[in-house]
Each structure stands twice: as C-alpha cells, then as structure tokens.
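Notes for the one structure printed next.
In what follows, chains are A, B, ... by sequence order, proteins preceding strands, each numbered from 1.
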Number of protein chains: 2
Amino acid sequence: MATMKKQVSPTISFSTCSTRAVLKLIGDQWTAMVIYALEGGTKRFSELSALIDGVSKKMLTQTLRDLEHNGLVQRIVYPVVPPRVEYSLTPLGMTLTEPIGALRQWAEEHLNEMEQAQREHDQAQHLFIQEQVASIVQQR
Amino acid sequence: MATMKKQVSPTISFSTCSTRAVLKLIGDQWTAMVIYALEGGTKRFSELSALIDGVSKKMLTQTLRDLEHNGLVQRIVYPVVPPRVEYSLTPLGMTLTEPIGALRQWAEEHLNEMEQAQREHDQAQHLFIQEQVASIVQQR
DNA sequence: CCGCATCCGGAGCGATACTG
DNA sequence: CAGTATCGCTCCGGATGCGG
C-alpha cells in the first residue's frame with residue numbers, strides 16, 4: 001500500500017500544494033468533459049459543442065484556449081472557407097485521462113451512497129427544524 | 001436538474017455524466033484540501049483553519065457543511081465551554097482520498113511539463129504580438 | 001463555421017462585526 | 001472557540017453582435 005499513515009506535516013503550505021494547481025486546471029465545469037470528449041479522438045469545434053450538452057460557445061472557446069495554453073490540447077486551424085478547426089489531446093493531455101477516469105470511476109461506485117447520505121442528512125435537518133419551530137411556538 | 005430542456009442527443013448525455021457530479025463535489029478551491037488535511041485524522045475547526053492557508057472561516061464552514069451533507073465528513077460538537085468541534089472523514093470520505101491522491105500524483109509528475117508548455121506558448125504569443133505591432137508601425 | 005468583443009445580471013467570496 | 005449575518009466587490013457565465 002502506497003498510502004500509509006501519511007501524516008500531514010504541521011507546516012504544509014497549502015498554497016504550494018500541487019492539488020491546488022490541478023484543481024485550478026480541471027476544477028471548472030467544462031474542462032474535464034472536454035478532455036473526456038477528446039479521448040475519442042480529434043474533434044471539430046462544432047462537434048465538441050454538440051457533444052457537450054449545455055456549453056456555450058464562449059465557455060467552450062475559453063476552456064479550449066486554456067487547455068491549449070497548458071499544452072494539453074492541440075489546436076489546428078485549416079485556412080479554408082468555411083473555417084475548419086480541429087482539436088486533439090497532446091501526449092501530455094492523454095496522461096490526464098487516467099486520474100480523471102479514476103475520479104469518474106469513484107463517482108459511479110459511490111454516488112448512490114452519497115445521495116443516500118444526503119437524503120438522511122436532509123431528513124435529520126428537517127426534523128431538527130421542526131423541533132426548533134415547535135419550541136419557538138411553545139414559547140409564545 | 002429540475003429543468004431538463006433538451007434530451008434529444010443520440011450521443012452521450014454529459015448532463016448526467018458522473019464526472020460532473022464529482023467535479024461539483026471537489027471542484028471548488030477548498031474541498032480537496034480539507035479532505036487532504038483530514039487524512040491525517042480528526043481535526044478541530046481551528047486546526048483546519050491553521051492548516052489550510054488562506055481559507056476564511058466562512059469558506060471553511062461552508063466546505064465542511066457541504067462535505068457533512070454528502071456524508072463524507074463527520075462533525076461532532078462537544079457541548080462545553082469553550083466550544084469544541086471535531087471533524088473527521090467517514091468511511092465513504094476515506095474512499096475519496098484515492099482518486100484525489102491520483103490527481104495529486106499526476107500534478108507532481110506533470111506540472112513542470114505544463115509550466116514549460118505554458119512558457120513556450122506565452123513566448124509564441126509574445127512574438128506574434130510583436131509581429132503585429134511591427135506591421136502596424138510599418139503601415140504608418 | 002469559428003471565434004472574439006462587449007454588456008450585464010447574479011452568484012461567489014472576503015472582510016468585518018456580532019453571538020453563545 | 002466556533003460559528004452566523006451582512007455588506008460590498010469581483011468575476012463567472014450567458015446573450016448578442018461583428019469579423020474573417
């Protein structure tokens with residue numbers, strides 16, 4: 001097991017934590033899904049737009065630019081009319097599919113547990129609020 | 001989720017993609033780091049606050065509440081003066097440490113590559129802008 | 001067909017002050 | 001000590017229109 005006790009040292013500066021950097025990368029709504037969509041191979045802008053339900057042109061452009069800027073996605077413009085732009089993962093981008101896949105796998109395995117926990121928690125909250133209301137009413 | 005307008009896409013519906021759910025979970029700035037901090041064991045509110053550099057009380061509270069709501073973190077309040085509140089990972093929360101660890105590992109391995117790609121890209125951008133300026137100056 | 005610029009409403013977040 | 005309440009600001013993200 002690689003993960004032993006792994007005690008958090010008392011002086012860890014979280015500002016330099018690499019987790020933060022990755023989160024800044026894929027933390028937004030669309031990045032992970034763009035990468036996921038590009039796992040299938042090279043895609044045109046309009047194809048991505050159609051695949052990723054709900055994304056606006058602006059956000060898609062922004063996300064792709066960001067990924068390109070970080071060297072995870074390659075952007076190829078064909079100077080033809082009408083314009084044709086193709087996006088694909090770089091080798092570096094491909095390596096990101098693994099941890100993202102791990103995340104997705106976790107989600108598929110544990111999402112139902114989480115939803116159940118949510119329901120239980122909501123119910124507890126609900127009952128608690130009812131008690132509060134009851135006690136307030138009683139005071140009057 | 002309440003308002004599902006378009007569900008006609010024959011391809012993958014990304015709105016129901018589990019990746020999205022996980023990202024909503026750990027996508028924000030602090031969640032992943034709270035979990036990371038709690039890997040070391042039970043922590044008090046003030047301890048977390050000290051460990052996670054730069055987090056405000058408001059955000060820390062919000063993040064912890066969210067995690068508690070999803071059944072990933074347990075919150076125990078000791079009714080004493082001064083107040084004492086302890087947070088710890090639930091078994092479900094522990095399972096999240098793996099994919100998050102994978103993410104961090106990827107970051108540590110590839111962050112330098114990304115930074116290099118960024119620099120190269122920035123330089124290319126810079127040169128391009130220089131060309132633009134030059135051509136404009138030339139026109140005058 | 002692709003992408004950039006602009007505007008604008010609203011959510012998110014920090015700082016501060018207050019409570020128990 | 002561990003929050004809650006409120007204010008104010010920033011920035012996200014959608015809609016629209018232009019340009020190549």
Side-chain N,O (S46(B)) to OP1/OP2 (dA2(D)) below 4.0 Å: yes
Residue pairs fulfilling ring-ring contact (aromatic ring centres under 6.0 Å, His included) with at least one residue in residues 90-115 of chain A, sequence neighbours excluded: W106(A)-H110(A)
OP1 or OP2 of dC2(C) under 4.0 Å from side-chain N/O of R44(A): yes
Under 3.5 Å donor-acceptor, Q62(A) side chain and M59(A) backbone: no
Check: D28(B) side chain, W30(B) main-chain N or O, donor-acceptor pair, under 3.5 Å: yes
Any side-chain heavy-atom pair of Y87(B) and E68(B) under 4.5 Å: no
Can you check nucleotides 11-13 of chain D for protein contacts, nitrogen or oxygen pairs under 3.5 Å, and list what you find?
| unit_1 | atom_1 | unit_2 | atom_2 | d |
| --- | --- | --- | --- | --- |
| dG13(D) | N7 | K58(A) | NZ | 3.1 |

Interatomic distance, L92(A) atom CG to L72(A) atom CG [nearest 0.5 angstrom]: 5.0 Å
Whole angstrom value for the distance that separates C1' of dG3(D) from OH of Y78(B): 18 Å
Residue pairs fulfilling ring-ring contact (aromatic ring centres under 6.0 Å, His included) with at least one residue in residues 55-78 of chain B, sequence neighbours excluded: H121(A)-H69(B)
Whole-Å gap separating P (dC1(C)) and NZ (K43(A)): 18 Å
Separation of dC2(C) P from I76(A) CD1 (nearest whole Å): 14 Å
R75(B) CZ to dC1(D) P, straight-line distance once rounded to whole Å: 17 Å
d(CZ, F45(A); P, dC2(C)) in whole Å: 7 Å
Distance in angstrom units between L64(B) CG and dG3(D) P, rounded: 8 Å
Pairing residues for V81(B) by the side chain to side chain contact (heavy atoms under 4.5 Å, CB included) criterion, not counting sequence neighbours: none
Separation of atom CZ in R65(B) from atom C1' in dG3(D), rounded to whole Å: 7 Å
Output one line per pair: protein atom, nucleotide atom from nucleotides 17-20 of chain D, and distance, for all N/O pairs under 3.5 Å.
none

Partners passing side chain to side chain contact (heavy atoms under 4.5 Å, CB included) against T97(B) (at least two apart in sequence or in another chain): I35(B), E39(B), L89(B)
R104(B) side, atom CZ; E109(B) side, atom CD - distance, nearest 0.5 Å: 12.0 Å
Rounded interatomic separation in angstrom, taking CD from E86(B) and P from dA2(D): 9 Å
